Every structure is written in C-alpha cells, then in structure tokens.
Amino acid sequence: MADAEQPTDSTVAVTNADTLRLVIADKSLSQTDSVVQARIINSTDYDVNYGQEYTIERETDGHWQQVPFPKEFGFASVLSTVAAHDSATVYGHIRQLHLTPGHYRLTKQIDGRTLSDDFYIQ
C-alpha cells in the first residue's frame with residue numbers, strides 16, 4: 001500500500017513551486033481555427049527567455065512526429081522574457097498547416113528547456 005500513496009512524477013512536477021510550464025488554453029480546436037493559444041507560466045524565482053519559434057507535432061501510433069511547415073512559413077527573430085512568478089501568452093499559427101482531426105502538441109524552447117502541451121483537432 002505504501003507505493004500507492006507516493007506521488008507520481010507528474011504530480012510532483014505540477015505542485016512544485018519552482019516550475020516552468022506551457023499550458024494550452026483550449027485543448028479542443030476545429031480544423032478552421034487559425035491559432036492555438038498557450039500560456040507560459042513561470043513559477044520560478046528567475047526571469048526566462050524565449051523566442052518566437054515553435055513546432056507542432058502529431059501523435060501517430062504512439063509516437064510524436066513533427067508536422068512540416070510550408071516553405072513560406074517563418075518566425076520573427078524576437079527574444080521575449082517572462083518575469084519570475086509571471087506568465088505570458090504565446091500563439092501557434094496552425095491554419096497554413098491544414099491539420100486533420102487528431103492528437104497534436106505545441107512544443108517550444110523556453111530558457112533552454114523543451115516544453116510542450118497537447119491539443120486535439122476535432
């Protein structure tokens with residue numbers, strides 16, 4: 001019984017005060033939605049930096065595969081900061097990707113860490 005009472009790794013990560021998270025605002029999108037909105041939540045005691053770049057990945061047979069961006073798709077070379085104990089909204093533009101129904105995730109490099117959260121296209 002003692003093992004059942006121990007917190008899982010995900011429980012510890014969510015309750016830890018020193019965390020940096022990426023959280024999708026709306027987990028269920030339609031094929032006509034043009035953006036996926038996420039919050040970078042910085043519960044740490046230090047400011048973190050991030051660029052505009054992100055990837056969209058699709059889960060297929062239990063594996064994540066990056067969705068290719070069209071050749072004309074690009075990112076502005078801008079560095080942004082989320083202050084300690086603050087948050088910021090970021091957007092993943094998905095209209096040009098022509099996503100079909102399925103399980104996806106937005107992945108972003110934030111302060112040298114790879115963070116992601118998933119969403120569904122209905």
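Remember, predicted model here, so these are calculated numbers, not experimental data.
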Distance-only criterion, 3.5 Å: show the donor-acceptor pairs between side-chain atoms of residues 94-103 and protein atoms not counting sequence neighbours.
{"residue": "Arg95", "atom": "NH2", "partner": "Thr32", "partner atom": "O", "Å": "2.4"}
{"residue": "Thr100", "atom": "OG1", "partner": "Arg58", "partner atom": "NH1", "Å": "2.9"}
{"residue": "His103", "atom": "ND1", "partner": "Glu59", "partner atom": "OE1", "Å": "2.4"}
{"residue": "His103", "atom": "NE2", "partner": "Asp118", "partner atom": "OD2", "Å": "2.7"}

> Would Gln122 and Ser30 count as a side chain to side chain donor-acceptor pair (under 3.5 Å) if you check the C-alpha gap in whole Å, the side-chain angles of each, and the deciding distance to 0.1 Å?
Replying inline: CA-CA 5 Å; Gln122 303 302 319; Ser30 74; over 6 Å; no

> From Ile41 CD1 over to His85 NE2, what is the distance, rounded to the nearest 0.5 angstrom?
Replying inline: 13.5 Å

> Which distance, rounded to the nearest 0.5 Å, do you find between the OH of Tyr120 and the CD1 of Ile24?
Replying inline: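 Reported to 0.5 Å precision, the distance equals 12.0 Å.
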
> Partners of Gln65 by side chain to side chain donor-acceptor pair (under 3.5 Å), sequence neighbours excluded?
Replying inline: none

>> Suppose we screen for side chain to side chain donor-acceptor pair (under 3.5 Å). Which residues come up paired with Ser34, at least two apart in sequence or across chains?
In response: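 Ser34 satisfies side chain to side chain donor-acceptor pair (under 3.5 Å) with no other residue.
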
>> Are Ile56 and Val23 linked, directly or through intermediate hydrophobic residues, by side-chain heavy-atom contacts shorter than 4.5 Å (ILVMFWY only)?
In response: no

Answer yes or no: is there a side-chain heavy-atom contact under 4.5 Å between [X] and [Y]?
X      : Y     : result
Arg39  : Ser87 : yes
Asp111 : Tyr46 : yes
Gln52  : Ser80 : yes

Whether [X] side chain and [Y] backbone form a donor-acceptor pair below 3.5 Å:
X      : Y     : answer
Asp33  : Val35 : no
Lys108 : Val90 : no
Asn42  : Leu20 : no

> Taking only residues two or more places apart in sequence or in another chain, which ones pass side chain to side chain contact (heavy atoms under 4.5 Å, CB included) with Thr107?
Replying inline: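 Side chain to side chain contact (heavy atoms under 4.5 Å, CB included) check on Thr107 returns Thr55, Glu57, Arg105, Thr114, Ser116.
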
>> Could you work out, with ring pair (Phe, Tyr, Trp, His ring centres under 6.0 Å) as the rule, every residue matching Phe69, not counting sequence neighbours?
In response: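 Once residues adjacent in sequence are excluded, the partners of Phe69 under the ring pair (Phe, Tyr, Trp, His ring centres under 6.0 Å) criterion are Tyr54, Phe73, Phe75.
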
> Excluding sequence neighbours, so at least two apart, what forms ring pair (Phe, Tyr, Trp, His ring centres under 6.0 Å) with Tyr50?
Replying inline: none

> Does one side chain, of Thr81 or Asn49, offer a donor that lies under 3.5 Å from an acceptor on the other?
Replying inline: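 Distance-only check passes for Thr81 and Asn49.
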
> Which pair of heavy atoms, one from Ala84 and one from Asp47, lies closest together, and at what distance?
Replying inline: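 In this case the closest contact between Ala84 and Asp47 is N-OD1, 2.9 Å.
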
> Any Lys/Arg nitrogen of Asp117 or Arg21 sitting under 4.0 Å from an Asp/Glu carboxylate oxygen of the other?
Replying inline: no

